[in-house]
Structure formats: structure tokens, C-alpha cells
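Some notes on the structure that comes next.
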Amino acid sequence: MPELPEVEVVRAGLEPAVSGAIITGVEVLDQRALKRHDPIRGDFAALLTGSRLSGAVRRGKYLWFPVAEGPAAGDVLAAHLGMSGQMLLREPGRDDKLTRIRLSLEHPEHGELWLNFVDQRLFGGMMIDSLVPTPDALPAGFGGAFEPGALIPRTAAHIARDPLDPHFDDRAFFAGLARRRTGIKRALLDQTLISGIGNIYADEALWAARLHYDRESAGIPQTRRRDLLEQVRGVLRRALVEGGTSFDAQYVNVNGNSGYFAHSLNAYGQQGKACPRCGGEIVRESFMNRGSHFCPRCQRAR
DNA sequence: AGAAAATCCTGCCGGC
DNA sequence: TGCCGGCAGGATTTTC
């Protein structure tokens, strides 16, 4: 599933292609991929056609592309990959199965490209959104060469910074954990507390921190909270270096290639295998409508 | 108000 | 060979 490392790989791959490019054509092949777009602001294709994009910005799993010129100038093209979304850069004429939205790009240096938004399960989507000030008045997210400034898409404004953001508030995160009387994994998956973590990296970070997924968040000592955040950052950084996790050929980068972090997983999807740390058997339990993978021997409930 | 459950969505895969 | 039930889990909405 696309989580922070996968979305960052996509953002970095798109950055050189979209920065300075003009959208010359928009084809919405499945309207459901626009489910977050407010039609009152105007037709998606009409707003976007003729627009020049200035960069690619990410916070957590949210992506957006500021519009510098054209009908949507001052607003952004926002995208979320959901469960199975992909953004593929292709030679014009090269279609992909399950393409829901296609953007034709004209870049002053790189020429013409297709950007195919592919999404099997339709949990992801694109929209035109407006910018609002960030609650903390600090830069909105990570944009590579593009400096986003203190403006964030309205629909992403409620999301916390991600743990690789230099402005991430460690203390607010620890305070949030101390306040929550719920399982620690629920807290890690709460994008308003910490963004960018999904099921894979939650399980991996909890394994690394030797914490059971359903241990009460508020009862975890401060030293272990610190360690958990450290493990979260370590897992996300390592996955990013490996190009993300490709599981069941679900996630690919903008060229359609897989990431390699699946080979480095210690807990997620490893049920039945030996825990790499203690040799116990990794088990999978159903929790929050999803699988939780952990080692019952070195991740005790209490 | 905070926590938990319900909801959306469909291609793929294993089993028969 | 072909059908079909089950599976995957992001974020939002609804319920408790």
C-alpha cells in the first residue's frame, strides 16, 4: 500500500516531469476517481487544461501540484493514491490498464508525456483544491526543489506533519500518545497525530520497538515513546532508500518499477515465519479491519 | 468528545 | 477450464 516512502518515490519521480509543464489535455475515464473534487468550483478537465504546474509537494501520503498559470492558477491539483493508486509517466499513446484519469503534459525541455493515474480499487483520486495557511505557519511539506511556503490544500490541512518533516513536532506527538486511551497501532495510523504511516510500516515500527499493536498508548513510558518514534523514522528512511515496498505488485514508481523493501520486512506478511530477532513465530491477527503482524514472544501485550 | 465500527471499492487469486 | 467467494486496507462517515 502506498505509504510515506512509496508516495515520496512517486513525488520525486514526478517532480522533474511536472515542474514547468503545461497540461494540454485531460481525460477523465472514470468519474469516480474525482470523488473528492467539488464540481461547484468547475469542471475538473476545464480547470486543468492550459494550466502550468510548478512543482510536486508531499505531506505524509498527500500529494499536490501547485498551479502557476492558467484557469486554476493559485490553486493546486491534489492527489491521493489511496490503496492502489499509481501515477505512471508514459510516452504519449502508451496506455495502462485501469487508467482512471489521463493528463497530457507538455514540458519545455522534456517534450510531451502522458501522466496516467491508475487505480484498481478507486480509494484514491484527484481534485482541484485551494490553499489555506498551515496551522503552524511553517512550510506545508516537502517539495524537493520547489519551496511550498506556508500554504496547504484545504483537504490536507487537518493532517499532522510526517515524521521525516524537519518541522514535525515530537513533543506534540508524545503528548498525543499520552492522551490516547486506545491501542498504540491505532494511534500510529491516526493521520491527525502523525502522518505517512500505514499498515505495513506501523507493523514494522512496532516490531522494531518491541511493542504489541494493541498495547494502550497512554501507558507506554516516555523512553519507549521516544524509541518508537526513532524506529518509525528508521523504518521509513530505510524503505525510502530501497524505493518503497512492493507487495503483490500493488505499488510501483512512476516508471512502473517495483521497490525492494519487501525483502527487508521483519513482520508484515511474515506470518508463519521465524522472528528475525528471537526465532519465535510471527503471527497475523485481524485488528481494525486489517491484518496485524507481530511476534508474540518479543512483542508482549503487557 | 473520544473511540470504535461501518462504509466504500474491484481486480486478482486460490480452491474446487 | 471456468466460476466464485474471499481478500487487500486507505480515509471518511456514522454510531456509540
Side-chain angles (χ1 to χ4, degrees), chain A residues 1-11 29-38 58-64 78-88 95-101 116-127 129 152-160 162 175-206 213-219 236 239 244-252 256 258 262 265 267-272 284-294:
Chain A
M1 331 311 137
E3 304 177 30
L4 188 154
E6 293 77 30
V7 179
E8 174 54 26
V9 167
V10 170
R11 190 210 65 76
L29 303 169
D30 193 321
Q31 289 287 333
R32 293 174 296 178
L34 294 181
K35 64 184 169 188
R36 296 177 195 208
H37 178 77
D38 181 3
R58 179 193 56 76
R59 175 189 286 210
K61 307 172 197 170
Y62 286 75
L63 266 178
W64 66 93
H80 198 291
L81 301 180
M83 277 293 301
S84 51
Q86 305 177 349
M87 300 188 82
L88 298 166
D95 195 16
D96 286 288
K97 202 177 164 185
L98 303 178
T99 299
R100 312 295 191 180
I101 300 170
N116 292 336
F117 180 81
V118 174
D119 189 6
Q120 179 196 125
R121 287 172 228 174
L122 287 163
F123 279 18
M126 288 183 144
M127 67 181 292
D129 202 3
I152 190 165
R154 184 179 299 277
T155 53
H158 62 296
I159 296 301
D162 64 66
L177 290 186
R179 209 181 303 122
R180 277 171 170 70
R181 311 202 69 84
T182 183
I184 182 63
K185 183 169 175 179
R186 275 201 162 85
L188 286 182
L189 293 175
D190 181 350
Q191 306 295 302
T192 66
L193 178 64
I194 182 170
S195 68
I197 303 173
N199 203 39
I200 296 175
Y201 298 112
D203 281 1
E204 288 300 306
L206 289 169
Y213 66 84
D214 205 19
R215 175 146 169 200
E216 191 187 61
S217 175
L236 294 178
T245 301
S246 298
F247 202 68
D248 289 348
Q250 215 34 269
Y251 153 78
V252 292
S258 297
L265 294 172
Y268 185 87
Q270 306 303 302
Q271 60 270 29
R284 178 188 190 277
E285 287 181 5
S286 199
F287 175 73
M288 287 178 74
N289 243 347
R290 47 183 59 107
S292 278
H293 313 74
F294 68 105

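Residue numbers start from 1 in every chain, and the chains themselves are labelled A, B, ... in the order their sequence lines are given, proteins ahead of strands.
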Once you round it to whole Å, what is the distance between [atom2] of [N] and [atom1] of [X]?
X	N	atom1	atom2	result
A:E285	C:dA8	CD	P	14 Å
A:L4	C:dG10	CG	C1'	14 Å
A:Y201	C:dG10	OH	C1'	15 Å
A:N199	C:dA8	CG	C1'	10 Å
A:R36	C:dA11	CZ	C1'	6 Å
A:L189	C:dG10	CG	C1'	10 Å
A:I197	C:dA11	CD1	C1'	15 Å
A:I200	C:dG10	CD1	P	8 Å

Looking only at side-chain atoms of A:Q191, point me to the closest of B:dC12, C:dA11, C:dG10.
C:dA11

side-chain hydrogen bond (donor to acceptor under 3.5 Å, both in side chains) between A:T155 and A:Y62, worked out
CA-CA 9 Å; A:T155 53; A:Y62 286 75; over 6 Å; no

Can you confirm whether A:E8 sits close enough to A:L236 that some side-chain heavy atom of one is under 4.5 Å from a side-chain heavy atom of the other?
no

A:M126 side chain near A:H37 side chain, heavy-atom distance below 4.5 Å:
no

For residues 175-184 of chain A, dump all side-chain donor-acceptor pairs below 3.5 Å to protein atoms at least two apart in sequence or in another chain.
unit_1: A:R180; atom_1: NH1; unit_2: A:G176; atom_2: O; d: 3.4
unit_1: A:R180; atom_1: NH2; unit_2: A:D190; atom_2: OD2; d: 2.7

For nucleotides 2-9 of chain B, give me one character per nucleotide, 5' to 3': B if any protein heavy atom sits under 4.0 Å from the base, S if the only such contacts are to the sugar-phosphate, - if neither.
-SSS-BBB

Report which part of the nucleic acid [X] touches: base, sugar-phosphate, or nothing (heavy-atom distance under 4.0 Å, all strands).
X	result
A:L98	sugar-phosphate
A:F287	nothing
A:G291	sugar-phosphate

Testing A:I101, A:D95, A:T99 one by one against A:V118 for a side-chain contact (heavy atoms from CB on, under 4.5 Å), which residue passes?
A:T99

Using the rule side-chain contact (heavy atoms from CB on, under 4.5 Å), only one of A:E3, A:R59, A:R58 pairs with A:S195; which is it?
A:R59

Chi angles and distances behind the side-chain contact (heavy atoms from CB on, under 4.5 Å) call for A:N199, A:Y268:
CA-CA 8 Å; A:N199 203 39; A:Y268 185 87; 3.7 Å; yes

If the cut-off is 4.0 Å, is A:H80 near the phosphate of C:dA11, judged by side-chain N/O to OP1 or OP2?
yes

With respect to the phosphate group of C:dT12, does any side-chain polar atom (N or O) of A:H158 fall under 4.0 Å of OP1 or OP2?
yes

Minimal non-hydrogen separation, A:A187 against A:I194, with atom names:
O-CG2, 4.2 Å

Check DNA chain C for consecutive Watson-Crick or G-U pairs with both distances under 3.5 Å and list the runs of at least three as stems.
B:2-16 with C:2-16

side-chain contact (heavy atoms from CB on, under 4.5 Å) between A:H293 and A:Q270: does it pass, once the steps are laid out?
CA-CA 7 Å; A:H293 313 74; A:Q270 306 303 302; over 6 Å; no

